[in-house]
Amino acid sequence: MHCNGWGEEHGGPDPEELRKLGISPAELLDFSVNSNPFGPAPGVRRAIQAVDPSLYPDWRSGRLREALAQANQAAPGQVLVGNGAAELIWLVAQARLGPGRQALVLGPAFGEYRRAAQAVGARVEEVRAGPPDFRPPLVQLAGEIARVRPELVFVCNPNNPTGVSLPDDALQDLAATCGSDTILVVDEAYRAFRDGQFFAPPLPPNCLVLRSMTKDFALAGLRLGYALGSPALIADLARFQPAWSVNALAQAAGLAALDELDYYRATLEQLARLKVDFFSGLTTAGFPPSPAEVHFGVISVGRPAREVRHRLFQRAIQVRDCTSFGLPDFIRLSTRREADNHKLLEALQAVV
Ligand SMILES: Cc1ncc(COP(=O)(O)O)c(C=O)c1O
């Protein structure tokens, strides 16, 4: 749990907590992060090793930007590479929000939207999906967009933490509701986990699509993501980006990953098969997961999630306590390899 001076909680191990409990990072089974558990492709590892760390990175991420533009049928001016999708969330908040301005979030969702908006003094309102099916309340969201006229609307599709996707034509409808004064930020960090499609052309000009390359390409430690949008909006975000924000290793890894799509497709297909077994095991054990279209989702544990997380952690298993998502008796679980998934099921039955 990262409950810290930096703000929101996130998944992933907290080195301080591990040290305190005497658990080594290698022995921890981490179900709390949603990255590809099969790790980077061999070609990506080689590309990282070939980088000379004494040289400054290309501050434009030029080659990667061009390659991503081509993959997404866009122009290079429609792409901004970032230090993880997280940086791009902060850049759009800085570019569009400020004191007295308003952001609207389709919740429950990734905590950095709220954090980035509040850090620049904006107000944040949330329209929330609820258990058990966490279906996004789109009519209510459209009504709030029309009523509040926020500067930014954040939609996470597929959603973190629930894994639930929006219906096919919902984004076009929401973009139309937003009109020209509101930017619809569509966070597609988990797009490829749903359907194996890593890329897609930009949405209408009042939309900003965010993609993380740390999840599907397993590069969480390096940090890499990109935004796709109109050239004007992309230029607006770039004004706030610190120089050399995307390091040379991340750029090299990103370029190499684009040459290894077969590896990544195969791992995501395998993960999708493992998810079916894992989720049916959870259902049989009495913990039916949210109707996720990706490899992670939330389950109700019927008691404080903080406590369940703590008890599992003592067994060197980490899950994401969803209290910070406003779901204090839910945990989020991400599919891992088969043997690990069995261990989680056993431990969960023992502690709950
Ligand atoms: C929905 C969502 N968007 C963005 C991010 C951040 O991605 P990155 O690691 O590329 O900064 C995360 C990470 O957990 C996420 O869940």
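Both counts, for ligands and for their atoms, begin at 1 and track the order of listing.
Between Phe110 and His10, the ring center distance clears the sub-6.0 Å criterion.
For the residue pair Asn160 and Arg332, a side-chain donor N or O sits within less than 3.5 Å of a side-chain acceptor on the partner.
Cation-pi geometry between Lys275 and Phe279 is satisfied (NZ or CZ under 6.0 Å from the ring centre, within 45° of the ring normal). Taking the ring centre of Phe198 as origin, the terminal cationic atom of Arg211 falls outside the region bounded by 6.0 Å and 45° from the ring axis.
A salt bridge links Arg147 with Glu144: the distance from a Lys NZ or Arg NE/NH1/NH2 to an Asp or Glu carboxylate oxygen falls below 4.0 Å. Taking the charged nitrogens against the carboxylate oxygens, Asp262 and Arg265 do have a contact shorter than 4.0 Å, which makes a salt bridge.
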Run through all N or O atoms in ligand 1 and write down each protein N or O closer than 3.5 Å, as a pair with its distance.
residue  : atom   : partner : partner atom : Å
ligand 1 : 3 (N)  : Asp187  : OD1          : 3.4
ligand 1 : 3 (N)  : Asp187  : OD2          : 2.6
ligand 1 : 9 (O)  : Thr214  : OG1          : 2.7
ligand 1 : 9 (O)  : Arg223  : NH1          : 3.0
ligand 1 : 9 (O)  : Arg223  : NH2          : 3.2
ligand 1 : 10 (O) : Ala85   : N            : 2.7
ligand 1 : 10 (O) : Ser212  : OG           : 2.7
ligand 1 : 10 (O) : Thr214  : OG1          : 3.3
ligand 1 : 11 (O) : Ala85   : N            : 3.1
ligand 1 : 11 (O) : Ala86   : N            : 2.9
ligand 1 : 11 (O) : Arg223  : NH2          : 2.6
ligand 1 : 14 (O) : Lys215  : NZ           : 2.7
ligand 1 : 16 (O) : Asn160  : ND2          : 2.7
ligand 1 : 16 (O) : Tyr190  : OH           : 2.7

